[in-house]
Number of protein chains: 2
Amino acid sequence: MKAYEVIYQTIENSILKGEYGPGDFLPSENQYVKQFKVSRDTVRKALNLLMTNGHIQKIHGKGSMVLKREQLRFPISGLTSYKELQQAYGYDSITDVVSLETIKISEDLSRLTGFEKDEDVWKIIRTREIDHQKVIRDTDYLLCRLIPNLTREIGEDSIYKYIEKELNLQISFAEKEIRVVPLNQLDKDHLDLNSQDNNIVSIQSRVFLANAEQFQYTESRHRVDKFLFYDFARRNPSTI
Amino acid sequence: MKAYEVIYQTIENSILKGEYGPGDFLPSENQYVKQFKVSRDTVRKALNLLMTNGHIQKIHGKGSMVLKREQLRFPISGLTSYKELQQAYGYDSITDVVSLETIKISEDLSRLTGFEKDEDVWKIIRTREIDHQKVIRDTDYLLCRLIPNLTREIGEDSIYKYIEKELNLQISFAEKEIRVVPLNQLDKDHLDLNSQDNNIVSIQSRVFLANAEQFQYTESRHRVDKFLFYDFARRNPSTI
DNA sequence: GCGGATTTGTACGTATGTATT
DNA sequence: TAATACATACGTACAAATCCG
């Protein structure tokens with residue numbers, strides 16, 4: 001592991017363990033230099049990561065203050081996958097693979113997904129059951145060229161885990177749009193809805209690898225009362 | 001202006017002008033070192049900023065590729081204020097100040113807003129009219145201690161501009177939650193709603209200064225059909 | 001209010017590692 | 001293999017904000 005990653009994780013753990021609480025100041029950069037026997041540059045990389053992730057606020061001339069983060073959030077931001085969320089928060093949750101097939105991208109699908117026309121893609125539809133209610137319906141399109149094999153088992157577990165751990169592809173960034181749209185027939189067929197519902201939350205995202213190649217388009221539809229988006233944002237992005 | 005900011009803006013402008021299109025590679029770091037007569041460290045800060053803002057993707061061993069960003073998005077993320085959005089996208093838009101008063105934070109309000117009990121705050125309610133329809137209703141709470149004066153005129157223009165330009169306070173980060181909730185009576189009283197609407201999008205945010213002091217709590221309620229959240233996110237936050 | 005100590009921010013330079021072509 | 005380009009790491013110097021006596 002890289003030096004700044006080791007330092008990042010060490011400090012993050014000490015925050016998560018409560019060794020430093022909200023409002024406390026971390027040791028100074030120079031103290032960490034001595035502790036880890038690295039250059040200040042390396043310490044600063046770790047601290048800047050902690051800052052962009054919302055753990056601390058660096059204050060010029062004072063030090064690095066630990067922030068209080070509201071717990072038990074649903075961070076759809078930052079590309080966290082459903083499976084990771086489920087594990088992190090221990091939801092009583094089941095994924096059901098409704099369908100799995102390969103199709104060719106049409107002109108309409110090309111506009112929607114961002115994939116080139118005539119590309120071969122996997123199309124997988126899944127529902128997510130939380131507390132014994134089906135409240136999320138995902139439709140994924142994944143590039144066959146990059147993900148040659150896809151099974152129902154992978155779909156029931158975690159596609160992201162498969163892509164990163166098995167295929168060793170590096171998922172890097174995503175564009176995402178969130179809207180509220182009318183229910184459609186597929187929602188009614190596959191989800192457990194409330195009688196007064198006429199809308200659903202739609203999250204469309206295009207996901208890219210480190211080489212800027214798009215490998216996924218997803219629409220994730222959430223029953224409105226089960227949807228919560230939490231975001232931590234900096235105004236002048238993460239100073240560097 | 002700082003050296004890396006100058007370089008950032010120069011490169012950003014050349015991208016926005018179309019000098020480099022999607023898929024093109026920027027000059028290498030070393031070429032920028034020569035061009036701007038700075039160290040490579042400084043060039044890298046500028047390029048990393050471009051990367052976190054979604055303008056480019058740096059690819060190890062290859063270079064910095066310009067990404068295609070979908071245009072005309074509504075980036076509520078990144079703390080952009082309503083007024084800035086309006087100016088950027090030229091919406092035909094009017095802000096109406098419904099009420100403006102100072103109140104003392106009660107125990108309930110303390111839990112909601114994150115402010116300490118008994119703090120004095122401004123409470124300002126505003127509606128936003130887009131294309132001649134009132135579709136957004138904002139309720140802001142602002143700390144009197146930090147923002148001593150607030151007028152209807154400032155509320156009609158831009159509170160953020162006032163805070164940053166006039167008071168010279170540095171807005172730094174925010175936590176934000178987005179939900180879909182039932183309409184309430186105030187929504188019905190102050191907004192132009194569609195007959196079939198029974199829900200509204202609620203965005204709650206707590207906003208902090210560079211010294212980690214919270215100065216604002218806002219709930220922004222959007223008519224569902226006028227709500228669009230656009231987000232650009234990196235998986236391993238902005239490498240540094 | 002001032003000066004000095006501490007702490008973070010910016011900038012420069014150098015060396016080496018790793019991915020791509 | 002060699003050249004190029006980005007990534008990591010170390011070190012130094014000075015600027016700017018904060019704190020305290």
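Values in this document were obtained by computation on a predicted structure and should not be read as measured data. All chains are named by letter (A, B, ...) in the order of the sequence lines, taking the proteins before the strands, and each is independently numbered beginning at 1.
- B/F227 CZ to A/I178 CD1: the interatomic distance, rounded to the nearest 0.5 Å, is 6.0 Å.
- Within the structure, a side-chain polar atom (N or O) of A/T42 is placed less than 4.0 Å from OP1 or OP2 of D/dC10.
- Contact between the side-chain N/O atoms of A/K58 and the OP1/OP2 oxygens of C/dT8 is not found at any separation under 4.0 Å.
- The CD atom of A/E29 sits 12 Å away from the C1' atom of C/dT6 (whole-angstrom rounding).
- The CG atom of B/L26 sits 13 Å away from the C1' atom of D/dC6 (whole-angstrom rounding).
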Give me the distances for all protein-to-nucleotides 17-21 of chain C N/O pairs that come in under 3.5 Å?
residue: C/dG17; atom: N2; partner: B/H60; partner atom: NE2; Å: 3.4
residue: C/dT18; atom: O2; partner: B/H60; partner atom: NE2; Å: 3.0
residue: C/dT21; atom: OP1; partner: B/K62; partner atom: NZ; Å: 3.1

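- In this structure, CZ of A/R44 is placed 15 Å from P of D/dA9, rounded to the nearest angstrom.
- For the residue pair B/G54 and B/L67, the shortest heavy atom distance occurs at O-CD1, 3.7 Å.
- Residue A/Y4 has a polar side-chain atom (N or O) positioned under 4.0 Å from OP1 or OP2 of D/dT8.
- Mapping B/Q31 and A/K37 onto DNA chain D via the closest heavy atom, the residue that lands nearer the 5' end is B/Q31.
- B/T102 is not listed as a side-chain neighbour of B/D120, based on a closest heavy-atom distance of 4.5 Å or more.
- B/M51 places its CE atom 10 Å from the C1' atom of D/dC6, with the value rounded to the nearest Å.
- Inspection of the B/E166 and B/Y162 side chains reveals no N or O donor paired with an N or O acceptor under 3.5 Å.
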Item to complete: Kindly determine whether A/E213 and A/R145 satisfy salt bridge (charged side-chain N to carboxylate O under 4.0 Å, His left out), including the steps that lead there.
Response: CA-CA 11 Å; A/E213 201 170 10; A/R145 202 151 44 73; 3.0 Å; yes

Extract from the structure each pairing of a protein N or O with an N or O of nucleotides 13-15 of chain C at less than 3.5 Å, listing the distance.
none

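- Here C/dT8 presents its C1' atom at 17 Å from NZ of A/K45, a figure rounded to the nearest Å.
- The CD-P distance, from B/Q170 to D/dA17, rounds to 10 Å in whole Å.
- When rounded to the nearest whole Å, the span between CZ of A/F25 and P of C/dT7 equals 12 Å.
- With rounding to whole Å, B/K2 atom NZ is found 16 Å from C/dT8 atom P.
- Residues B/Y141 and B/Q214 bring no donor and acceptor atom of their side chains to less than 3.5 Å of each other.
- A distance of 12.0 Å separates OH of B/Y217 from CD of B/E175, quoted to the nearest 0.5 Å.
- Under 4.0 Å is where a charged nitrogen must lie from a carboxylate oxygen, and between A/E29 and A/K58 at least one such pair does.
- For the residue pair A/T218 / A/Q216, a side-chain donor-acceptor distance below 3.5 Å is found, with atom types taken as modelled.
- Side chain of B/S28, nearest nucleotide from C/dT10, D/dC6, D/dA9: D/dC6.
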